[in-house]
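Working notes, structure below.
Just so it is clear: chains get the letters A, B, ... in the order the sequence lines come, proteins before strands, and each one is counted from 1. Nothing here was measured: the structure is a model prediction, and the numbers come from that model. In what follows, every heavy atom counts, from backbone to side chain, and hydrogens, waters and symmetry copies are set aside.
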Amino acid sequence: MDEQARIMQALGGVSLAGHSVQGGMALPPPHGHDGTDGDGRKQDIGDILHQIMTITDQSLDEAQAKKHGLNCHRMKPALFSVLCEIKEKTGLSIRGAQEEDPPDPQLMRLDNMLLAEGVSGPEKGGGSAAAAAAAAAAGGSPADNSIEHSDYRAKLSQIRQIYHTELEKYEQACNEFTTHVMNLLREQSRTRPISPKEIERMVSIIHRKFSSIQMQLKQSTCEAVMILRSRFLDARRKRRNFSKQATEILNEYFYSHLSNPYPSEEAKEELAKKCSITVSQVSNWFGNKRIRYKKNIGKFQEEANLYAAKTAVTAAHAVAAAVQNSQTNSPTTPNSGGYPAPCYQSDGRIQ
DNA sequence: TGTAATGATTTACA
DNA sequence: TGTAAATCATTACA
């Protein structure tokens with residue numbers, strides 16, 4: 001170390017008890033330097049401060065001249081390689097150089113999701129599959145579906161656009177910053193020992209930092225897509241009341257089968273077809289109707305009577321038609337073979 | 001704007 | 001797996 005200090009001094013640098021200072025850059029002492037001499041250290045610090053003050057007092061021209069002198073010094077290439085070697089030995093320049101980044105599972109998940117949703121990768125209709133699935137689940141009319149579909153696609157396309165713009169910005173910033181740092185290090189490598197390996201390491205550090213920013217972007221994009229999906233897929237958020245006609249058909253069936261309001265699978269399918277809704281919507285409707293009817297029969301009594309009358313009229317018409325056609329088989333009356341029609345008490349309770 | 005109505009979902013159970 | 005019951009979230013209406 002003493003030899004190194006002497007060389008530094010000879011080159012016009014500042015020798016500071018084991019620390020070589022050049023243009024504000026300090027080379028730490030190699031391992032093993034204990035520096036336990038208390039008074040000596042105080043003196044060193046005083047020297048350092050003094051030297052720093054001296055440096056700042058120097059004019060730029062003087063500094064440049066010194067720098068030039070250093071660069072042109074015949075010993076410089078030899079010193080540079082020696083210092084590089086020392087740095088290699090101390091492990092400063094190779095620390096972490098071998099760190100191979102394993103693929104981040106979280107990043108992979110984000111990438112996969114963005115790819116699946118059509119946000120990253122080639123545009124594939126902006127999640128039309130998801131939109132179609134949601135539309136089917138919602139059981140809306142085809143016209144409604146196409147409106148929702150295009151709405152979903154438009155919003156997804158917006159997200160995609162923002163994602164790509166931001167990604168491009170990050171990449172540009174990363175490249176600019178990397179170039180800047182590389183130039184800076186190359187420039188500094190003229191006056192302090194920086195090996196190409198070290199520059200590479202620095203570049204990889206920068207890339208790692210920027211990729212973590214990219215991950216945040218991907219994460220927030222995924223969140224936006226999830227919110228969009230949940231809004232689109234959650235049928236409760238876009239509930240539409242069934243058409244009056246559909247409700248009529250369902251009510252007619254319900255009240256004409258009041259004693260056993262449990263339509264078979266076939267009946268459900270038929271009702272679904274008639275009402276232009278799905279079988280599960282029919283099941284939901286009957287589930288809701290049964291529980292609400294049971295809970296408050298009184299409230300539904302009027303409705304029940306109305307539909308009973310309606311059914312009776314329909315049946316009478318059927319009978320009349322049958323008689324007219326001289327047909328022998330009588331029409332099927334509601335509830336025939338099933339539960340008896342409810343008999344209402346004065347309080348509206350079913351007997 | 002508050003409230004009733006209503007379609008959908010969730011949970012428990014047979 | 002279908003249903004009851006409770007609950008949620010939205011719509012319709014006064």
>> What is the distance, to the nearest angstrom, from the CG atom on A:N260 to the P atom on C:dA4?
In response: 10 Å
>> Between A:P263 and A:K295, which residue's closest nucleotide on DNA chain C lies nearer the 5′ terminus?
In response: A:P263
>> Test of understanding: with side chain to side chain contact (heavy atoms under 4.5 Å, CB included), list the residues that count as partners of A:S212, not counting sequence neighbours.
In response: none
> Got a sec, which pairs hit salt bridge (Lys or Arg N to Asp or Glu O under 4.0 Å) with one end in residues 245-254 of chain A, sequence neighbours left out?
Replying inline: A:E248-A:K310, A:E252-A:K310
> Which residues satisfy the ring pair (Phe, Tyr, Trp, His ring centres under 6.0 Å) test with A:Y163, sequence neighbours excluded?
Replying inline: none
> Is any side-chain N or O of A:K294 closer than 4.0 Å to OP1 or OP2 of C:dA5?
Replying inline: yes
> What residues, two or more places apart in sequence or in another chain, satisfy side chain to side chain contact (heavy atoms under 4.5 Å, CB included) together with A:K169?
Replying inline: A:T165, A:E166
> For A:E265, which residues count as a side chain to side chain contact (heavy atoms under 4.5 Å, CB included) partner, sequence neighbours excluded?
Replying inline: A:K268, A:E269, A:V279
>> I need the CG-C1' distance between A:N251 and B:dG7, as an integer number of Å.
In response: 14 Å
> Once you round it to whole Å, what is the distance between C1' of C:dC8 and CZ of A:R292?
Replying inline: 11 Å
> By salt bridge (charged side-chain N to carboxylate O under 4.0 Å, His left out), which residues pair with A:E200, not counting sequence neighbours?
Replying inline: none
>> Could you work out, with ring pair (Phe, Tyr, Trp, His ring centres under 6.0 Å) as the rule, every residue matching A:Y307, not counting sequence neighbours?
In response: A:Y255
> Are more than 12 heavy atoms from other residues, nucleotides or ligands located less than 6.0 Å from atom CD of A:Q161?
Replying inline: no
> Are OP1 or OP2 of B:dA8 and a side-chain N or O of A:Q281 less than 4.0 angstrom apart?
Replying inline: yes
>> Is there a side-chain contact between A:R240 and the phosphate of C:dT11, meaning an N or O under 4.0 Å from OP1 or OP2?
In response: yes
>> Which nucleotide wins on minimum distance to the side chain of A:N241, given the candidates C:dA5, B:dT6, B:dA8?
In response: B:dT6
> Of the residues in residues 283-290 of chain A, which ones touch DNA chain B at a heavy-atom distance under 4.0 Å?
Replying inline: A:N284, A:W285, A:N288
> Between A:I162, A:L114, A:L110, which is the residue that forms a side-chain contact (heavy atoms from CB on, under 4.5 Å) with A:T221?
Replying inline: A:L114
Tabulated below should be each protein N or O lying under 3.5 Å from an N or O of nucleotides 1-5 of chain B; please produce it.
residue: B:dA5; atom: OP2; partner: A:K299; partner atom: NZ; Å: 3.3

